[in-house]
**Q** 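Below are the C-alpha coordinates for one structure; questions will follow.
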Amino acid sequence: MTTKTATSTKSSGVHKVARKPRTLLGDTSAADAAARKSTLTHYESALKLMQAGKYEKAHAAFDAMLATAPHDLADRIRMYISACVAQIDKGSTKFETHEERYDYAISLLNEGHYEDAREHFQEILLKDKSADYAFYGLALLASMTGDTSRCIEHLTEAIRLNGQNRFQARLDSDFDGVAEDPRFTELLYPEA
(Lines give C-alpha, C1' and ligand atoms only; values in the text may rest on other atoms or scores of the structure.)
Protein backbone atom coordinates (compact mmCIF):
# COMPACT_ATOMS: atom_id res chain seq x y z
CA MET A 1 0.00 0.00 0.00
CA THR A 2 1.48 3.35 -0.99
CA THR A 3 0.90 6.26 1.35
CA LYS A 4 1.26 9.91 0.53
CA THR A 5 2.79 12.38 2.89
CA ALA A 6 1.24 15.75 3.46
CA THR A 7 2.55 18.26 0.94
CA SER A 8 1.61 21.80 0.27
CA THR A 9 0.85 23.00 -3.23
CA LYS A 10 -0.02 26.45 -4.42
CA SER A 11 -2.70 26.82 -7.01
CA SER A 12 -4.30 30.16 -7.83
CA GLY A 13 -2.98 31.71 -4.64
CA VAL A 14 -4.72 29.09 -2.42
CA HIS A 15 -2.69 26.61 -0.43
CA LYS A 16 -3.98 23.01 -0.56
CA VAL A 17 -2.68 20.27 1.67
CA ALA A 18 -2.65 16.78 0.24
CA ARG A 19 -3.41 14.41 3.10
CA LYS A 20 -2.68 10.77 3.60
CA PRO A 21 -5.81 8.81 2.70
CA ARG A 22 -7.70 7.46 5.70
CA THR A 23 -8.27 3.73 5.84
CA LEU A 24 -9.64 1.29 8.37
CA LEU A 25 -6.05 0.82 9.45
CA GLY A 26 -5.88 4.55 10.27
CA ASP A 27 -2.74 6.64 10.80
CA THR A 28 -0.57 4.46 13.03
CA SER A 29 2.95 3.14 13.41
CA ALA A 30 3.93 -0.11 11.70
CA ALA A 31 3.53 -2.13 14.94
CA ASP A 32 0.14 -0.56 15.68
CA ALA A 33 -0.90 -1.15 12.06
CA ALA A 34 -0.01 -4.84 12.30
CA ALA A 35 -1.96 -5.22 15.56
CA ARG A 36 -4.94 -3.38 14.11
CA LYS A 37 -4.84 -5.52 10.97
CA SER A 38 -4.89 -8.64 13.13
CA THR A 39 -7.83 -7.28 15.13
CA LEU A 40 -9.70 -6.51 11.90
CA THR A 41 -9.10 -10.06 10.67
CA HIS A 42 -10.60 -11.45 13.90
CA TYR A 43 -13.42 -8.90 13.67
CA GLU A 44 -14.29 -10.06 10.15
CA SER A 45 -14.20 -13.71 11.26
CA ALA A 46 -16.57 -12.94 14.13
CA LEU A 47 -18.90 -11.13 11.73
CA LYS A 48 -18.93 -14.17 9.45
CA LEU A 49 -19.84 -16.40 12.40
CA MET A 50 -22.65 -14.03 13.26
CA GLN A 51 -23.91 -13.97 9.68
CA ALA A 52 -23.88 -17.77 9.67
CA GLY A 53 -26.14 -17.75 12.72
CA LYS A 54 -23.44 -19.04 15.08
CA TYR A 55 -24.21 -16.41 17.68
CA GLU A 56 -22.57 -18.11 20.65
CA LYS A 57 -19.27 -18.53 18.81
CA ALA A 58 -19.49 -14.98 17.46
CA HIS A 59 -20.22 -13.68 20.96
CA ALA A 60 -17.15 -15.43 22.33
CA ALA A 61 -14.99 -14.08 19.49
CA PHE A 62 -16.20 -10.50 19.98
CA ASP A 63 -15.74 -10.78 23.75
CA ALA A 64 -12.15 -11.99 23.33
CA MET A 65 -11.21 -9.08 21.10
CA LEU A 66 -12.98 -6.36 23.11
CA ALA A 67 -10.21 -5.97 25.70
CA THR A 68 -7.54 -5.17 23.11
CA ALA A 69 -9.67 -3.55 20.42
CA PRO A 70 -8.93 0.00 19.35
CA HIS A 71 -11.38 2.55 20.72
CA ASP A 72 -13.05 3.18 17.37
CA LEU A 73 -13.84 -0.55 16.97
CA ALA A 74 -14.81 -1.17 20.58
CA ASP A 75 -18.19 0.54 20.19
CA ARG A 76 -19.03 -1.59 17.16
CA ILE A 77 -17.87 -4.73 18.93
CA ARG A 78 -20.11 -3.92 21.92
CA MET A 79 -23.03 -3.42 19.53
CA TYR A 80 -22.41 -6.82 17.93
CA ILE A 81 -22.06 -8.46 21.35
CA SER A 82 -25.49 -7.06 22.28
CA ALA A 83 -26.95 -8.35 19.01
CA CYS A 84 -25.45 -11.81 19.62
CA VAL A 85 -26.84 -11.94 23.16
CA ALA A 86 -30.28 -10.93 21.88
CA GLN A 87 -30.20 -13.67 19.24
CA ILE A 88 -28.97 -16.25 21.75
CA ASP A 89 -31.74 -15.32 24.19
CA LYS A 90 -34.31 -15.33 21.40
CA GLY A 91 -33.17 -18.67 20.04
CA SER A 92 -32.66 -20.50 23.29
CA THR A 93 -35.27 -23.15 23.66
CA LYS A 94 -36.05 -24.83 26.93
CA PHE A 95 -37.21 -28.42 26.88
CA GLU A 96 -39.25 -30.01 29.63
CA THR A 97 -38.56 -33.54 28.40
CA HIS A 98 -36.18 -35.41 26.10
CA GLU A 99 -39.14 -36.09 23.82
CA GLU A 100 -39.64 -32.33 23.35
CA ARG A 101 -35.97 -31.98 22.44
CA TYR A 102 -36.36 -34.91 20.01
CA ASP A 103 -39.35 -33.25 18.32
CA TYR A 104 -37.36 -30.05 17.97
CA ALA A 105 -34.38 -31.96 16.54
CA ILE A 106 -36.67 -33.64 13.99
CA SER A 107 -37.97 -30.22 12.93
CA LEU A 108 -34.36 -29.05 12.48
CA LEU A 109 -33.64 -32.19 10.47
CA ASN A 110 -36.63 -31.52 8.22
CA GLU A 111 -35.40 -27.96 7.63
CA GLY A 112 -31.95 -29.21 6.64
CA HIS A 113 -30.13 -28.05 9.80
CA TYR A 114 -28.30 -31.35 10.14
CA GLU A 115 -25.52 -30.34 12.53
CA ASP A 116 -27.95 -28.60 14.88
CA ALA A 117 -30.21 -31.66 14.84
CA ARG A 118 -27.21 -33.93 15.53
CA GLU A 119 -26.29 -31.83 18.58
CA HIS A 120 -29.79 -32.24 20.03
CA PHE A 121 -29.88 -36.00 19.45
CA GLN A 122 -26.47 -36.31 21.09
CA GLU A 123 -27.59 -34.10 23.98
CA ILE A 124 -30.45 -36.53 24.63
CA LEU A 125 -28.03 -39.47 24.61
CA LEU A 126 -25.67 -37.72 27.02
CA LYS A 127 -28.47 -37.66 29.56
CA ASP A 128 -30.17 -40.95 28.65
CA LYS A 129 -28.06 -43.61 26.91
CA SER A 130 -31.14 -45.80 26.45
CA ALA A 131 -33.13 -43.22 24.44
CA ASP A 132 -33.92 -45.40 21.44
CA TYR A 133 -35.66 -42.51 19.67
CA ALA A 134 -32.43 -40.45 19.73
CA PHE A 135 -30.58 -43.32 18.03
CA TYR A 136 -33.47 -43.50 15.55
CA GLY A 137 -33.09 -39.75 14.90
CA LEU A 138 -29.35 -40.16 14.33
CA ALA A 139 -30.13 -43.00 11.90
CA LEU A 140 -32.52 -40.72 10.01
CA LEU A 141 -29.87 -38.01 9.91
CA ALA A 142 -27.24 -40.41 8.60
CA SER A 143 -29.64 -41.69 5.93
CA MET A 144 -30.50 -38.16 4.81
CA THR A 145 -26.83 -37.20 4.58
CA GLY A 146 -25.81 -40.36 2.70
CA ASP A 147 -23.85 -42.03 5.51
CA THR A 148 -25.19 -45.58 5.11
CA SER A 149 -22.82 -47.27 7.56
CA ARG A 150 -23.59 -44.84 10.36
CA CYS A 151 -27.31 -45.05 9.55
CA ILE A 152 -27.28 -48.83 9.98
CA GLU A 153 -25.17 -48.55 13.14
CA HIS A 154 -27.61 -46.12 14.79
CA LEU A 155 -30.70 -47.94 13.56
CA THR A 156 -29.32 -51.24 14.89
CA GLU A 157 -28.98 -49.65 18.34
CA ALA A 158 -32.46 -48.09 18.13
CA ILE A 159 -33.95 -51.50 17.29
CA ARG A 160 -31.92 -53.25 20.01
CA LEU A 161 -33.35 -50.82 22.57
CA ASN A 162 -36.90 -50.91 21.20
CA GLY A 163 -38.05 -53.54 18.69
CA GLN A 164 -40.91 -51.30 17.51
CA ASN A 165 -38.33 -49.13 15.69
CA ARG A 166 -37.89 -51.97 13.17
CA PHE A 167 -41.52 -51.67 12.09
CA GLN A 168 -41.44 -47.89 12.06
CA ALA A 169 -38.30 -47.88 9.89
CA ARG A 170 -39.97 -50.19 7.37
CA LEU A 171 -42.56 -47.46 6.70
CA ASP A 172 -40.25 -44.44 6.97
CA SER A 173 -39.50 -42.92 3.55
CA ASP A 174 -36.49 -41.08 5.00
CA PHE A 175 -34.65 -44.41 4.78
CA ASP A 176 -35.24 -44.74 1.02
CA GLY A 177 -31.63 -43.74 0.36
CA VAL A 178 -30.32 -46.82 2.18
CA ALA A 179 -33.17 -49.22 1.37
CA GLU A 180 -31.15 -51.02 -1.32
CA ASP A 181 -28.27 -51.83 1.02
CA PRO A 182 -28.39 -55.55 1.98
CA ARG A 183 -27.38 -54.73 5.58
CA PHE A 184 -30.44 -52.46 5.87
CA THR A 185 -32.72 -55.16 4.46
CA GLU A 186 -31.30 -57.77 6.87
CA LEU A 187 -31.80 -55.40 9.78
CA LEU A 188 -35.43 -54.63 8.96
CA TYR A 189 -36.45 -58.07 7.73
CA PRO A 190 -34.44 -60.59 9.79
CA GLU A 191 -37.14 -63.25 9.23
CA ALA A 192 -36.54 -63.26 5.45
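Remember, predicted model here, so these are calculated numbers, not experimental data.
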**Q** Supply the atom-to-atom distance Tyr104 OH to Phe121 CZ, rounded to the nearest 0.5 angstrom.
**A** 12.0 Å
**Q** If you round to the nearest 0.5 Å, how far is CG of Asp147 from CG of Leu141?
**A** 8.5 Å
**Q** Give the table of side-chain donor-acceptor pairs shorter than 3.5 Å for residues 128-140, with sequence neighbours excluded, one pair per line with atom names and distance.
**A**
| unit_1 | atom_1 | unit_2 | atom_2 | d |
| --- | --- | --- | --- | --- |
| Asp128 | OD1 | Ser130 | N | 3.1 |
| Asp128 | OD1 | Ser130 | OG | 2.8 |
| Asp132 | OD2 | Asn162 | ND2 | 3.4 |
| Asp132 | OD2 | Asn165 | ND2 | 2.9 |
| Tyr136 | OH | Asp172 | OD2 | 2.8 |

**Q** Listed by chain and number, what are the side chain to side chain contact (heavy atoms under 4.5 Å, CB included) partners of Thr97, not counting sequence neighbours?
**A** Glu99, Glu100
**Q** With sequence neighbours excluded, tell me which residues meet side chain to side chain donor-acceptor pair (under 3.5 Å) with Asp181.
**A** Arg183
**Q** To the nearest 0.5 Å, what is the distance between NE2 on His120 and CG on Leu108?
**A** 5.5 Å
**Q** Applying a strict under-4.5 Å side-chain criterion to I, L, V, M, F, W and Y, I'd like to know whether Leu49 and Leu47 cluster together.
**A** no
**Q** Quick check: is Leu40 connected to Tyr80 through a chain of hydrophobic side chains (ILVMFWY, heavy atoms under 4.5 Å apart)?
**A** yes
**Q** Who are the side chain to side chain contact (heavy atoms under 4.5 Å, CB included) partners of Phe167, not counting sequence neighbours?
**A** Gln164, Arg170
**Q** Considering all heavy atoms of both residues, which atom of Leu188 and which atom of Ala169 are nearest to each other, and what is their separation?
**A** CD2-CB, 3.6 Å
**Q** Hey, does the side chain of Ser143 reach the backbone of Cys151 with a donor-acceptor pair shorter than 3.5 angstrom?
**A** no
**Q** Passes side-chain contact (heavy atoms from CB on, under 4.5 Å), Leu155 versus Phe184? Steps please.
**A** CA-CA 9 Å; Leu155 190 55; Phe184 183 77; 3.6 Å; yes
**Q** Check Glu44 with Lys48, please: is the shortest side-chain N to carboxylate O separation under 4.0 Å?
**A** no
**Q** Give me each pair satisfying salt bridge (charged side-chain N to carboxylate O under 4.0 Å, His left out) with a member in residues 158-168, each pair once, sequence neighbours excluded.
**A** Glu157-Arg160
**Q** Tell me every residue that passes salt bridge (Lys or Arg N to Asp or Glu O under 4.0 Å) with Glu119, counting only those two or more places apart in sequence or in another chain.
**A** none
**Q** Mind checking what makes side chain to side chain donor-acceptor pair (under 3.5 Å) contact with Glu153, not counting sequence neighbours?
**A** none
**Q** With sequence neighbours excluded, what pairs up with Thr156 under the side chain to side chain contact (heavy atoms under 4.5 Å, CB included) test?
**A** Ile152, Leu187
**Q** Cut-off 3.5 Å, no hydrogens considered: what does the side-chain donor-acceptor table look like for residues 54-69, sequence neighbours left out?
**A**
none

**Q** What pairs of residues pass the salt bridge (charged side-chain N to carboxylate O under 4.0 Å, His left out) test when at least one of them lies in residues 105-117, not counting sequence neighbours?
**A** Glu115-Arg118
**Q** Which residues pass the salt bridge (Lys or Arg N to Asp or Glu O under 4.0 Å) test with Asp75, not counting sequence neighbours?
**A** Arg78
**Q** Nearest 0.5 angstrom please: Met50 CE to Ser45 OG, how far?
**A** 14.5 Å
**Q** So how far is it from Lys127 NZ to His98 NE2, rounded to the nearest 0.5 Å?
**A** 6.5 Å
